[in-house]
Amino acid sequence: MFNIKHTLEQLLSDALAQASGLADARGNVIYSTRPEFGDYQANGVMAIAKQLKTNPRELAGRVLECLPENALIARAEVAGPGFINLFLKDAYLAQQGEEFAREGVALLQPSASAQTIVVDYSSPNLAKEMHVGHLRGTIIGDCLVRVLEACGHHVIRQNHVGDWGTQFGMLIAHMESLRAQGDALTTDLADLESFYRAAKQRFDDEPGFADTARGYVVRLQQGDPACLAAWQTFIDESLAHCEAVYARLGVTLQRADLKPESFYNPELPGIIAQLERAGLLSVSEGARCVFMEEFKGKEGALLPTIVQKSDGGYLYATTDLAAIQYRAGSLKADRVLYVVDARQSLHFQQVFAIARKAGFAPAACSLEHIAYGTMMGEDGKPFKTRSGDTVKLIDLLEESVRRAHDIVSEKNPDLDEASRQEIASVVGIAAVKYADLSKNRTSDYIFDWNTMLSFEGNTAPYMLYAYARIMSILRRQDDSAAPANAALLLEATEERSLLLKILQFQETVQVVANEGYPNTLCTYLYELAGVFMRFYEACPVLKAEGALRDSRLSLVALTAKTLNTGLDLLGLKTLQQM
RNA sequence: GGGGGUAUAGCUCAGCUGGAUAGAGCAACGGCCUUCUAAGCCGUGGGUCUCAGGUUCGAAUCCUGAUACUCCCGCCA
């Protein structure tokens, strides 16, 4: 595992522990805030000095004395009130860069302690077509899954689709009545959204229809074969819609990753029984609930989590508990990540707490809600069409590609139509995904076509353009290619900055793997592209000669490798030319 | 009523969990192409980090309170 920051943290923490006599002292190494403060800086001394009531600068001096000889630090100096500024050795950077430039050497090395990590993401409701509300979870989840796999973890994707519940009775009832009229259904099901609306309208308005629908729910739950067959037809159709969206988005979810709600149906009575045995269950107003001290409502009254309705039906809390048991037990997960809307935060707190108390998940199994905010329209309100309808995800993606096509046609009219289509399709999808991934997932964000499709700033088009420019240099080197083992020369500051940035790739990816914030990776890649552009302006590559040319070409190739790997982790396709 | 979240430049957003002079991009203004893709680079201006207190060597970050917006809280998922 290659991680400069981590190595420095280790060195400084040890030295600080030795100098202070506190075993758990933390060096607190971060990137230096300004170039003259070195490459990294350790901020931990001041906190410890405060604790010991000693002079921080003096303690920092002793830390430097305790710092052992090592391969990477050229110079460490005390600065300001007690910072330690760290300057890395050029020779060390060059040597590491040369190693990563070698043929077949991966930029990312597997984590020392590989874990089994279940990631629950996307999970649309199959009663309707995927809409913009499913975008963030699908994209963020897919990015995290790629990152975790790249770090060497055993990742199990779980697409917890909604395929059960009362609304399916309504849909089947509508389906069956159309079929009874001799309707082949294919055209009706092609647009699930209007199919759902039609069924809903009959449910609300048509006398007797609601009862028919409820009858179907009962038959479905009893396993009536004809009813199940109709249900299956509908589910297959709906899944086909989802898969079309996944294919367009370049999302890695497969059929094998499906673990629908209905999968847990047989387990639900057992879940209730286990809650009962654990003494967690009480009956309130006819419903079976779990009350916990941690969750209080008005006037200190405990807040219920309903696990079984008064009519005997189960709720999604029950299903989620069964899923936890399956993931922690059968799948033996070390971590379970739920990439789900932030509005469900209370629900997950409750479900996680119940799972702990009932023993569905051992303490060693980490349950994490990877929450994300809502996508807003340009008016700052939830994203809708002008008429107030929800926007189908597939329509949004197609519009993005169309807009990208217009821009590409305008900027590069000489390209043939096929190339423009190809570029537009990559840029259009990348723009939507990158706009989402580049923002801190916990806050709501405003969806804006102009910003995301702009070629300036932290956007997908800029990143793809930067990559295409880099590839253009490598294409032009022709037969005078640099050897893969070229020595790296760090004479210009731009060369050194570029290399250091490249070497920080793995530490960035690890932070994303641990904390689940894809925007950290986007920021890194954007900065990498920026550092490269400065190098590109200052350091001629193909016009340089001899060892310098080889060195620069090697840096270009390394940048390309890093950018390509990073964009792939985000789930973005790249282009050789734009 | 109770609980959660958010509030940073005109706009869209970062800010590595308490560090040095709060950063990007857009928009505005100015400079750089017969030279590896100018879809780029460099520079200038722009801030009471919502408000009021507190904690300490040091606060956008932690604590308390207030205001605004937003989400969640018994039989949908």
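Residue numbers start from 1 in every chain, and the chains themselves are labelled A, B, ... in the order their sequence lines are given, proteins ahead of strands.
- Salt bridge status for A:Arg403 with A:Asp406: absent, with no side-chain N to carboxylate O gap under 4.0 Å.
- Considering only the side chain of A:Ile446, B:C13 comes nearest among B:C36, B:C13, B:C16.
- Here the nucleotide nearest the side chain of A:Ser472, chosen from B:C36, B:U35, B:G25, is B:C36.
- No contact: A:Phe168 has no heavy atom under 4.0 Å from any strand.
- For B:A20, its base sits under 3.5 Å from the side chain of A:Gln41 at one donor and acceptor pair at least.
- Residue side chain A:Asn85 reaches the base of B:A20 through a donor-acceptor N/O pair under 3.5 Å, judged by distance alone.
- Across all strands shown, B:G65 forms a Watson-Crick or G-U wobble pair with B:C51, both key distances being under 3.5 Å.
- Taking the centre of each ring, A:Phe83 and A:Phe37 stay at or above the 6.0 Å mark.
- Closest to the side chain of A:Cys289, from the set B:G74, B:U21, B:U37, is B:G74.
- Rounded to whole Å, the separation between the P atoms of B:C33 and B:C13 comes to 36 Å.
- Each of B:A24, B:C71, B:G15 was ranked by its minimum atom distance to the side chain of A:Asn519; first place goes to B:G15.
- In this structure, B:C41 and B:G31 make a Watson-Crick or G-U wobble pair, each of the two defining distances being under 3.5 angstrom.
- Taking the side chain of A:Val541 as heavy atoms from C-beta on, and the options B:A20, B:C36, B:U37, the nearest nucleotide is B:C36.
- Which of B:C42, B:G74, B:C13 sits closest to the side chain of A:Lys439 comes down to B:C13.
- Residue order along RNA chain B, read from the 5' end via each residue's closest nucleotide, puts A:Arg34 first among A:Glu261 and A:Arg34.
- Where stacking is scored as ring centres under 5.5 Å apart with planes under 30°, A:Phe37 registers as stacked on the base of B:A20.
- Here, B:G30 and B:U35 have their P atoms 25 Å apart, quoted to the whole Å.
- Using Watson-Crick or G-U wobble geometry with both donor-acceptor distances under 3.5 Å, B:C13 finds its partner in B:G23.
- The side chain of A:Arg469 has B:G40 as its nearest neighbour among B:A39, B:G40, B:C36.
- Atom CE of residue A:Met130 and atom CG of residue A:Asn125 lie 11.0 Å apart, to the nearest 0.5 angstrom.
- The base of B:C16 is not paired with the side chain of A:Thr520 by any donor and acceptor separated by under 3.5 Å.
- Picking from B:U56, B:G15, B:C75 the nucleotide with the shortest atom distance to the side chain of A:Lys50 gives B:U56.
- Along RNA chain B, the nucleotide nearest to A:Glu515 and the one nearest to A:Ile306 differ in position, and the one closer to the 5' end is contacted by A:Glu515.
- Within the nucleic acid shown, A:Ala49 has no heavy atom closer than 4.0 Å to any nucleic acid atom.
- Separation of the P atoms belonging to B:U70 and B:C76 is 27 Å when rounded to the nearest angstrom.
- The residue A:Ala342 sits apart from the nucleic acid: no heavy atom pair falls under 4.0 Å.
- Heavy atoms of A:Cys539 sit under 4.0 angstrom from at least one base atom.
- A:Lys439 places a side-chain N or O within 3.5 Å of a backbone atom of A:Ala435 that can act as its donor or acceptor partner.
- Side chain to side chain, A:Tyr338 and A:Gln158 fail the donor-acceptor criterion of an N or O pair below 3.5 Å.
- Across all strands shown, B:G46 remains unpaired; no Watson-Crick or G-U wobble contact has both distances below 3.5 Å.
- For A:Ser284, the listed nucleotide lying nearest its side chain is B:G74; candidates were B:C41, B:G74, B:A20.
- B:G23 and B:U61 are spaced 15 Å apart, taking the C1' atom of each and rounding to whole Å.
- Using a 4.0 Å heavy-atom criterion, one finds that A:Leu346 contacts the sugar-phosphate atoms exclusively.
- You'll find a donor-acceptor pair under 3.5 Å spanning the side chain of A:Tyr316 and the base of B:A77, going by distance alone.
- Judged by the 6.0 Å distance and 45° axis criteria, A:Arg75 is positioned over the aromatic ring of A:Phe87.
- Picking from B:U37, B:C75, B:A20 the nucleotide with the shortest atom distance to the side chain of A:Thr33 gives B:A20.
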